[in-house]
Amino acid sequence: MSLFNKLIVMSLPVAPKFLVHIFAKKYIAGSRLTDAIKVIRDLNARGMCTTIDLLGEEIKNRSEALQVLASYKEVVAAIDQHKLDSNISIKPTHLGLKVDKEFCYNNIRELILAAQNFGNFVRIDMEDHSCTSDTIEIYLRLHKEFSNVGVVIQAYLRRTGNDINLLAQQKANIRLCKGIYVESRQIAYKDPQIINYNFTYCLEKLMTAGCYVGIATHDEKLAWQALALIEKFKLDKNKYEFQMLLGVDEQLRDLIVSAGHRLRVYVPFGEKWYAYSTRRLKENPNIAGYVIKNIFGLH
Ligand SMILES: Cc1cc2nc3c(=O)[nH]c(=O)nc-3n(C[C@H](O)[C@H](O)[C@H](O)COP(=O)(O)OP(=O)(O)OC[C@H]3O[C@@H](n4cnc5c(N)ncnc54)[C@H](O)[C@@H]3O)c2cc1C
């Protein structure tokens, strides 16, 4: 962690909320669903599709999880009502994974059913390593029953090669990303180059197996390698998409879109934007550096 990133994170507890908002607003659509709808309309008009994330994770009890489920159902209905090109991304701990696994499974299942009624799709985000096995297990159960569900796999995890073998056999729908949580060296690769090798290795395996892949990265080296694989396998446009976070490297985003590839933007919104932004910055101070670089266009 650089001294600069450390300083930013140390100053967070005393930073006024409006200051954090200045940093966060580029990356978060707003606190209300109507804010997200506005952002998505604009992205759709510029040829990008989206996935909506209702901010929050690790709820404390069943009633909070059920509230989250109800809010997500509203999101799915609003996507249909406003004719938006968007699906949703959910976090298992937000829907009760740490309260009770079966309860979480049932909540996700209910949401997938609601999405299915509108012809929509649910992506299950991947959280820290304590959730990996449960998330994959829940996904595989749901994948047997539904075609409108996908999961996320993190290239930085040492276990990912094995997980990919299993998921590829099942023709899973995968978003592949590097992984955002700070994990120990026992759990995750620390060398950025190894993470990149693993990303490409896993991507190739998924493409070879005929899985639908969401290539989630802002790392141009990885985007380039993904493009080379797409060409090598002559991959049909309905077998992959690129995915990027709202507000991050919009130039790369536009380059990918103008080259004719499908690109999905991850659009977070919600009342909990402040808690979410400060916790994320504390958890992974590298993001602070990224944010500063992005704001000042230092690429
Ligand atoms: C659509 C999408 C969904 C994701 N879902 C998950 C998930 O479910 N689970 C999970 O663990 N991780 C998720 N991630 C995060 C991912 O794991 C990485 O932490 C993140 O994308 C940074 O990795 P990178 O491939 O962009 O490469 P990096 O080398 O980390 O970043 C490349 C460049 O992108 C810019 N950048 C990257 N991230 C940010 C940021 N947050 N803010 C500002 N600038 C940034 C920086 O300029 C950086 O130099 C997701 C990412 C995307 C794009």
Side-chain angles (χ1 to χ4, degrees), residues 1-2 5 8 23-28 43 48-53 55 57 86-94 97 122-132 135-136 139 150-157 159-160 163 173-183 187-200 202-203 213-226 240-253 256 262-268 276-277 279-299:
M1 187 198 317
S2 78
N5 294 353
I8 294 177
F23 285 98
K25 70 173 190 233
K26 195 165 178 235
Y27 307 100
I28 290 164
L43 290 166
M48 289 163 258
C49 53
T50 62
T51 186
I52 305 182
D53 167 49
L55 287 172
E57 51 207 82
S86 185
N87 59 37
I88 57 169
S89 287
I90 56 148
K91 290 191 169 49
T93 64
H94 207 192
L97 183 65
V122 178
R123 172 77 59 191
I124 307 175
D125 284 350
M126 189 58 82
E127 300 172 84
D128 70 45
H129 77 276
S130 69
C131 304
T132 314
T135 303
I136 293 175
Y139 168 71
V151 73
V152 178
I153 288 295
Q154 299 151 323
Y156 70 179
L157 290 186
R159 58 176 283 169
T160 283
D163 291 334
N173 183 318
I174 306 276
R175 172 198 297 151
L176 182 63
C177 66
K178 287 188 185 180
I180 200 161
Y181 300 87
V182 177
E183 303 284 11
I187 302 281
Y189 299 113
K190 292 288 165 186
D191 182 332
Q193 224 169 2
I194 299 181
I195 298 172
N196 277 19
Y197 288 146
N198 205 34
F199 190 104
T200 316
C202 293
L203 188 59
V213 278
I215 306 154
T217 186
H218 321 91
D219 182 338
E220 197 166 353
K221 292 185 286 303
L222 287 182
W224 184 88
Q225 275 164 336
Y240 72 93
E241 64 188 41
F242 284 87
Q243 299 187 352
M244 292 176 69
L245 301 173
L246 183 68
V248 178
D249 202 345
E250 292 171 3
Q251 210 169 29
L252 178 62
R253 193 173 85 179
I256 292 173
R262 185 174 172 81
L263 188 136
R264 188 175 301 279
V265 181
Y266 190 98
V267 178
Y276 173 85
S277 312
R279 190 170 58 242
R280 271 300 154 83
L281 284 169
K282 282 182 197 156
E283 262 173 20
N284 190 348
N286 289 335
I287 292 177
Y290 287 162
V291 172
I292 301 289
K293 274 201 302 180
N294 270 291
I295 285 176
F296 295 105
L298 306 170
H299 275 286

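Along the sequence shown, the residues carry numbers beginning at 1. Numbering of ligands and ligand atoms starts at 1, following listing order. Small disclaimer: the values here were computed from a predicted structure and weren't measured.
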Taking the side chain as C-beta and beyond, is there a heavy-atom pair between M244 and L252 under 4.5 Å? yes
N or O pair under 3.5 Å between [X] and ligand 1:
| X | result |
| --- | --- |
| V152 | no |
| Y156 | no |
| Y27 | no |

Nearest heavy atom to [atom]: which of [options] does it belong to?
| atom | options | answer |
| --- | --- | --- |
| atom 50 (C) of ligand 1 | G214, C177, A223 | C177 |
| atom 25 (O) of ligand 1 | D128, I215, T217, I153 | T217 |
| atom 51 (C) of ligand 1 | I195, I180, L245, D125 | L245 |
| atom 10 (C) of ligand 1 | R264, K178, M126, H218 | M126 |

Taking atom types as modelled, is there a side-chain donor on D219 or T217 under 3.5 Å from an acceptor on the other? no
Taking atom types as modelled, is there a side-chain donor on R175 or S89 under 3.5 Å from an acceptor on the other? yes
Once you restrict to heavy atoms under 4.0 Å, what part of M244 touches ligand 1? Side chain, backbone, both or neither. backbone
With a heavy-atom distance limit of 4.0 Å, tell me whether Q154 approaches ligand 1 through its side chain, its backbone, both, or neither. side chain
Nearest 0.5 Å please: distance from the [atom1] atom of [X] over to the [atom2] atom of [Y].
| X | Y | atom1 | atom2 | answer |
| --- | --- | --- | --- | --- |
| I256 | Q251 | CD1 | CD | 11.5 Å |
| H129 | I187 | NE2 | CD1 | 4.0 Å |
| N198 | Q154 | CG | CD | 11.5 Å |
| Y266 | D53 | OH | CG | 3.5 Å |

Quick one, L203 with Q225, criterion side chain to side chain contact (heavy atoms under 4.5 Å, CB included). Give me CA distance, side-chain angles, the key distance, then yes/no. CA-CA 10 Å; L203 188 59; Q225 275 164 336; over 6 Å; no
Y181 heavy atoms within 4.0 Å reach ligand 1 at atoms 11 (O)
Atom indices of ligand 1, in the order listed, that fall short of 4.0 Å to a heavy atom of A216: 2 (C), 52 (C), 53 (C)
Sub-4.0 Å heavy-atom approach of D249 to ligand 1: no
When you measure from the heavy atoms of E220 to every atom of ligand 1, does any distance fall below 4.0 Å? no
Determine yes or no for a side-chain-to-main-chain donor-acceptor pair under 3.5 angstrom, with T200 supplying the side chain and N196 the backbone. yes
